[in-house]
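Worksheet: one structure, shown below.
These values consider heavy atoms only, across backbone and side chains, with no hydrogens, waters or symmetry-generated copies. Computed from a predicted model, the values in this text were never measured in an experiment. Residue numbers start at 1 and run along the sequence shown.
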Amino acid sequence: MTYHTRSAPAATTYAQAGPLTDLSAYRTQLAPFPETIADLCRVVQGVLMHIFWQGRDTRPLTEEHRQALYARSAAVKLAAILHLDDRPLTIARSPDRRLPATSRDYSLLLVALLRHQRVPARSRCGFVTYIAPQHYEDHWLVEYWDDAEGRWILVDPQMDADQRAALNVTFDPLDIPRTRFLSSGAAWQHCRSGTLDPSLFGHLEDRGMHAIRCTLIRDLAALNRVEMQPWDRWGLMLPPDEMLNDADMTLLDTVAHATVGAVATPSADAVEALYASDPRLRPPYTWLVTPGVTLWRANQPQSH
């Protein structure tokens, strides 16, 4: 597949790496590299292993694995992947040689690879209906712009063949129906209006309006090319629900409206202006300039 981005909405914004998706230090390893979405997802699936799907392996994470899991940037993740196995990234690793990950990491790495190829792409934080029955599971996906079809396409890079079979996923994870994903902004709006039950949203014990609120703010950050960890909390995420005042709720309603978008897709200009308007919506700057552990930084390649 050849990507053309001249007419893509927000191409200039979402084709550029953010602070956590810059892979410029890996130009040698990433050239030449697969370009189709299917092939890129296979690469991501071949180097990552979700912490809840690790071959049903009950062994505890090593300290190296734990540090890599908590690292924020795609570059640090790649350094850790190559530390475990220095073969080309296109070679799928055995499960025990893959880097432990969450859905955010699958999303982050695919977005980083797409942006490295100048393809407009963005992580989305929301809720899917195909992981747990009768439940909206907190999950990260990827949207990329397909110029030929003139639309943003929703992809789940985590859903390999084994997971699709185990979850009975019958649709194409490379083009997820919008009915199977509810953005965090839409979830907030539905639960605020009473059309959906907040207790159906979240992950494990972290459910309800607070879980939706945290995911909503993470989605706003991701739409500003700042893809934080699912356990990172800052600013307006921190107060308990009962401590939010009317102005806070109005601001969150505004965030929901902006992330849903006026015509089913968020405006890059709108989310950027909103993100800049209140420091409680932005993670601490130090989290971005020191985006992960230092264990593998000495092994990172230099740009060529």
### Query
Would you say the side chains of Gln163 and Gln158 form a donor-acceptor pair under 3.5 Å?
yes
### Task
Say whether Tyr130 and Asp156, considering side chains only, have a donor N or O and an acceptor N or O under 3.5 Å apart.
yes
### Message
If you apply the rule salt bridge (charged side-chain N to carboxylate O under 4.0 Å, His left out), what do you find for Asp248 with Arg280, and how did you get there?
### Response
CA-CA 10 Å; Asp248 295 333; Arg280 296 176 299 166; 2.8 Å; yes
### Message
Here's a test for you: under side-chain contact (heavy atoms from CB on, under 4.5 Å), which of Leu40, Val44, Asp39 qualifies with Arg42?
### Response
Asp39
### Query
Counting distance only, does the side-chain N/O of Arg118 pair as donor-acceptor with the main-chain N or O of Ala15 below 3.5 Å?
yes
### Task
Among Trp140, Phe127, Tyr136, Phe52, find the residue that satisfies the ring-ring contact (aromatic ring centres under 6.0 Å, His included) test when tested with His203.
Phe52
### Message
A quick test of your reading: do over 12 heavy atoms of other residues, nucleotides or ligands sit less than 6.0 Å from CD of Glu242?
### Response
yes
### Task
Indicate whether any N or O donor in one side chain lies under 3.5 Å from an N or O acceptor in the other, for Asp147 and Trp145.
yes
### Query
Would a 4.5 Å heavy-atom cut-off, applied to side chains only, mark Arg233 and Arg218 as touching?
yes
### Message
I need the single residue from Arg115, Arg122, Arg72 that forms a salt bridge (Lys or Arg N to Asp or Glu O under 4.0 Å) with Glu227. Which is it?
### Response
Arg115
### Query
So, His139 versus Glu137: side-chain donor-acceptor pair below 3.5 Å or not?
no
### Message
Looking at Tyr106 and His50, would you say the former's side chain and the latter's main chain have a donor-acceptor pair under 3.5 Å?
### Response
yes
### Task
Check whether any side-chain N or O of Lys77 sits under 3.5 Å from a backbone N or O of Ala101 as a donor-acceptor pair, and report yes or no.
no
### Query
Do Trp152 and Asp146 have side-chain N/O donor and acceptor atoms under 3.5 Å apart?
no
### Query
Can a donor-acceptor pair be found between the side chains of Asp197 and Ser199 at a distance below 3.5 Å?
yes
### Message
When you measure from the side chain of Thr259 to the backbone of Leu220, do you find a donor-acceptor pair of N or O atoms at a distance under 3.5 Å?
### Response
no
### Task
Decide whether Ser123 and Ser107 meet the rule of one side-chain donor and one side-chain acceptor closer than 3.5 Å.
yes
### Task
Without swapping roles, check the side chain of Arg207 against the backbone of Gly202 for a donor-acceptor pair under 3.5 Å.
no
